[in-house]
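Notes follow once the structure below has been shown.
Order of appearance sets the numbers: ligands from 1, and atoms from 1 within every ligand.
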Amino acid sequence: MTVHHELTGPEQAPVIVLSNSLGTDSRLWDEQVPALTEHFRVLRYDQRGHGGTGAKPGPYTLEDLGGDVLELLDELGLERVHFAGVSLGGMTGMWLAEHAPDRIDRLALICTSAQLGPPSKWTDRAAVVREQGTAALVESSLATWFTPEAAGRGDIAEKFGGMLRACDDEGYAACAESIATMNLLPRLSEITAQTLAVAGADDPATPPPHAEQIVDAIPTARMEVVPQAAHLANAEQPEIVNPLLLEHFTRGA
Ligand SMILES: O=C(O)CC1=CCC(=O)O1
């Protein structure tokens with residue numbers, strides 16, 4: 001699998017990997033990259049079937065998505081990295097921290113969940129996308145991803161609706177199926193990476209109790225709630241999320 005990625009920032013700086021949510025791509029991080037590259041070498045990539053990364057026929061599992069990251073790290077000669085993920089990206093990060101703890105230094109989990117049922121929600125959505133394409137999801141997704149104020153902004157609707165439309169239909173559907181079968185809860189307590197969980201106060205998809213569940217289970221984890229933010233809190237409130245990420249990844253380093 002060739003994973004489309006971009007590596008920017010000072011060559012000698014610690015590397016932070018940024019992982020996108022279902023239906024977006026690495027441009028989800030546009031508002032974070034300038035702040036993060038002041039301190040880090042930033043590796044942002046597209047999950048399979050999203051952005052510039054191709055899709056294999058599904059269904060996928062989190063092992064597939066985490067495996068793509070491990071292959072990319074090996075290809076780039078990166079032994080150990082920080083990792084930040086939004087939603088599906090955060091699920092990928094938890095899988096990595098559980099299954100490849102030596103590769104993950106600190107972890108930021110934004111608007112995500114360790115188990116996001118019911119499975120039928122995701123298998124039904126996969127069926128809709130295989131039949132009608134991701135364009136059928138644009139309106140409902142924008143309403144999940146942003147508060148009404150932000151979703152009503154033309155630039156946001158164009159940018160994020162465009163990312164969703166551009167996804168490979170099979171890739172999106174197969175990633176949705178990875179959420180249907182996911183259960184990261186049993187091994188969360190084994191995660192040793194220092195972890196920050198960030199929840200959007202108005203997130204209808206992974207509301208703050210999902211972050212609380214993660215923080216209760218991971219021994220080193222702490223949590224922040226971002227006001228006036230729905231599911232893509234980093235895109236809606238970068239001026240709140242960026243300092244949280246910088247503080248988490250630079251503290252004591
Ligand atoms: O788009 C959604 O419905 C919310 C979501 C769940 C997993 C993810 O990455 O986004």
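Relative to the ring axis of Tyr60, Arg48 places its NZ or CZ within 45° and under 6.0 Å from the centre.
In this structure, Tyr45 and Phe83 have tilted ring planes: the angle between them lies in the 30° to 60° band.
A donor-acceptor pair under 3.5 Å is absent between the side-chain atoms of Gln47 and the main chain of Leu65, judged by distance alone. In terms of modelled atom types and a separation under 3.5 Å, the side chain of Arg106 and the main chain of Gln194 share no donor-acceptor contact.
Proximity of the aromatic rings of His82 and Phe40 is defined here by a centroid distance below 6.0 angstrom, and this criterion is met.
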Below 3.5 Å only, please: the N or O atoms of ligand 1 paired with protein N or O atoms, distance on each line.
from	atom 1	to	atom 2	distance (Å)
ligand 1	1 (O)	Trp145	NE1	3.0
ligand 1	3 (O)	Arg125	NH1	2.9
ligand 1	3 (O)	Arg125	NH2	2.9
ligand 1	9 (O)	Leu22	N	2.8
ligand 1	9 (O)	Ser87	OG	2.8
ligand 1	9 (O)	Leu88	N	3.0
ligand 1	10 (O)	Ser87	OG	3.1
ligand 1	10 (O)	His231	NE2	3.2

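For Ser141 and Thr144, the side-chain atoms include no donor-acceptor pair closer than 3.5 Å.
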